[in-house]
Amino acid sequence: MKELVEVIATSLVDHPEEVVVTESETEKAIVVELKVAADDMGKVIGKQGRIAKAIRTVVKAAASKDDKKVIVEIQ
C-alpha cells in the first residue's frame, strides 16, 4: 500500500522529493500516513476533498484481498 500511495502522491505534487509515506500495521488495520510540502497540500486534497477521497478509494480497492481495513491519513 505504501508504494501505491507514494506513486499517486508524487505524480500530483510540484515537489515530489518532499513526499514521505509511512506505513504501520495493527491487528485489524493498516495505517498509511502521507506527508507532503505545505504548498502541495491543496493538490493532494483537492476541491472539497475529492482527490483525497479518490486516493482512499483506490487504496481500499487494492487492499480488499487482505481482509484488513486501510486508513490513509494526509498530513
Could you walk me through whether Ile30 and Lys69 pass side-chain contact (heavy atoms from CB on, under 4.5 Å), step by step? CA-CA 6 Å; Ile30 299 171; Lys69 184 177 180 183; over 6 Å; no
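Sorted by first and then second residue, the salt bridge (Lys or Arg N to Asp or Glu O under 4.0 Å) pairs involving residues 8-28 (not counting sequence neighbours) are Asp14-Lys43, Glu25-Lys68.
The shortest distance between side-chain heavy atoms of Val21 and Val32 falls below 4.5 Å. Considering only heavy atoms from C-beta on, Met41 comes within 4.5 Å of Ile74 through its side chain. A 4.5 Å side-chain heavy-atom check between Val19 and Lys35 finds every atom pair outside the cut-off. Taking 4.5 Å as the limit, every side-chain heavy atom of Ile45 sits out of range of all side-chain heavy atoms of Ile51. The closest side-chain heavy-atom distance from Val44 to Val13 is below 4.5 Å.
Atom CD of residue Glu6 and atom OG of residue Ser11 lie 11.0 Å apart, to the nearest 0.5 angstrom. Between the CD1 atom of Ile71 and the CD atom of Glu33 there is a distance of 10.5 Å, given to the nearest 0.5 Å. Taking NZ of Lys47 as the start and CZ of Arg50 as the end, the distance is 8.0 Å to the nearest 0.5 Å. Going from atom OG1 of Thr10 over to atom CG of Asp40 covers 11.0 Å, rounded to the nearest 0.5 Å. For the atom pair CD1 (Ile55) and CG (Leu34), the distance works out to 6.5 Å, reported to the nearest 0.5 Å.
Hydrophobic clustering places Val70 together with Val58 (ILVMFWY residues linked when any side-chain heavy atoms are closer than 4.5 Å, directly or through intermediates).
Taking both residues in full, the closest heavy atoms of Val72 and Arg56 are given as O-NE, 3.0 Å, listed atom of the first, atom of the second, then distance. Here the shortest heavy-atom pairing between His15 and Asp39 reads NE2-OD2, 3.2 Å.
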